[in-house]
Amino acid sequence: MGLLDAILGRSKPVRPDLDQLFAVPSAALTLQAATGFTPTGRGSVCFAGVEGGGFARLQEDVRELLDADTERGGIPVEFSRDAYGYTWLLATHPANDTAGLVNDLHAVNTMLQDGGFGPHLLCSLIGFRDAEGRALALVYLYKRGTFYPFAPLPGDAEKRENQLELQVRGALGDDLRVEKDLSRWFPAWGAPGL
């Protein structure tokens with residue numbers, strides 16, 4: 001960072017650290033003990049779609065890699081597009097295999113990053129539920145290298161359970177790099193895996 005950047009208050013963006021995802025399985029244990037939320041075995045990666053053969057090939061490579069175990073009972077990945085035009089990849093594992101789910105999400109992020117599509121990655125999301133059926137997601141912001149909790153209220157209304165999100169932030173502060181800027185805790189309405 002140069003002197004002019006310091007004077008103008010500019011800072012370098014945080015470099016993504018995809019290895020932060022590997023902290024989620026232990027954070028899931030902390031989350032369960034503190035709040036009763038357990039992993040669902042569902043997680044997703046969101047990225048801005050790119051036109052062109054290179055990206056289409058990479059998307060097929062991702063599908064091939066993650067679907068390699070479907071003959072042994074694994075669940076195939078699903079691709080979908082949301083109302084904003086973003087592409088979501090949904091991976092599903094048994095609920096007790098958070099480490100396997102995180103490995104798949106990490107592999108997708110790494111393949112996109114290594115393929116030159118890192119700037120198109122938005123977030124990864126790992127789903128949780130409690131005994132009452134309430135949903136919660138731990139969202140990893142690729143460009144910030146941080147996590148935040150997202151807890152939509154049940155029903156169709158786009159409302160969040162802010163108190164629960166703050167409780168989760170407090171519970172996981174020692175386990176995950178939690179995003180400090182609450183204005184960056186973006187809603188993920190209708191996200192696959194939630």
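Since this is a predicted model, take the numbers as computed values, not measurements. What you see below is based on every heavy atom in this structure, not just the backbone, and it leaves out hydrogens, waters and symmetry mates.
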Any D175 side-chain heavy atom under 4.5 Å of L31 side chain: no

Test side-chain contact (heavy atoms from CB on, under 4.5 Å) applied to D104 and V108, step by step: CA-CA 6 Å; D104 281 359; V108 172; 5.6 Å; no

Min side-chain heavy-atom separation F147-V24 under 4.5 Å: yes

Check against side-chain contact (heavy atoms from CB on, under 4.5 Å), L172 and L138: CA-CA 10 Å; L172 296 180; L138 292 180; 3.7 Å; yes

Residue pair R134, F37: steps toward the side-chain contact (heavy atoms from CB on, under 4.5 Å) verdict: CA-CA 8 Å; R134 295 182 302 168; F37 279 85; 3.8 Å; yes

Within 6.0 angstrom of D174 CG, more than 12 heavy atoms from elsewhere: no

L136 to A151 - nearest heavy-atom pair and separation: CD1-CB, 3.9 Å

CG on L125 to CG on L105, rounded to 0.5 Å: 9.0 Å

NE2 on H120 to OG1 on T87, rounded to 0.5 Å: 11.0 Å

Closest contact, heavy atoms only, A171 versus T30: O-CG2, 3.5 Å

Hphob cluster co-occupancy, F186 + V168, side-chain heavy atoms under 4.5 angstrom: yes

Note, Y148 side chain near R184 side chain (heavy atom, < 4.5 Å): no

Student check: side-chain heavy atoms of D130 and T35 closer than 4.5 Å: no

Side chain proximity check, L194 to F150, heavy atoms < 4.5 angstrom: yes

Nearest heavy atoms of P149 and E165, plus distance in Å: CG-O, 3.2 Å

Between CG on residue D19 and OG1 on residue T110, distance to nearest 0.5 Å: 7.5 Å

Side chain to side chain, L176 and Q20, heavy atoms closer than 4.5 Å: no

Non-hydrogen side-chain atoms of I126 and L101 separated by less than 4.5 Å: yes

Close side-chain approach of Y142 and S124, heavy atoms under 4.5 Å: no

Cluster check W189, L141: I/L/V/M/F/W/Y, side chain < 4.5 angstrom: yes

In one Ile/Leu/Val/Met/Phe/Trp/Tyr side-chain cluster, 4.5 Å: L90, V102: no

Whether T40 side chain and G127 backbone form a donor-acceptor pair below 3.5 Å: yes

Closest non-hydrogen atom pair, G145 against Y140: CA-OH, 3.3 Å

Test salt bridge (charged side-chain N to carboxylate O under 4.0 Å, His left out) applied to E60 and R63, step by step: CA-CA 5 Å; E60 277 309 306; R63 181 184 299 275; 3.8 Å; yes

Which atom of A135 lies closest to which atom of R129, heavy atoms considered: CB-NH1, 3.0 Å

Any donor-acceptor pair under 3.5 Å from K143 side chain to L122 backbone: no

Atom pair CG/CH2 of L166 and W185 - distance to nearest 0.5 Å: 5.5 Å

Ring geometry between F47 and F79 (parallel below 30°, tilted from 30 to 60°, perpendicular above 60°): perpendicular

Value rounded to 0.5 Å, distance of CZ in F128 from CD in Q32: 9.5 Å

Nearest-0.5 Å distance, OG1 of residue T146 to CZ of residue R177: 8.0 Å

Over 12 foreign heavy atoms within 6.0 Å of OH, Y86: no

Exercise: identify the closest heavy-atom pair between A99 and P25: CA-CG, 3.9 Å

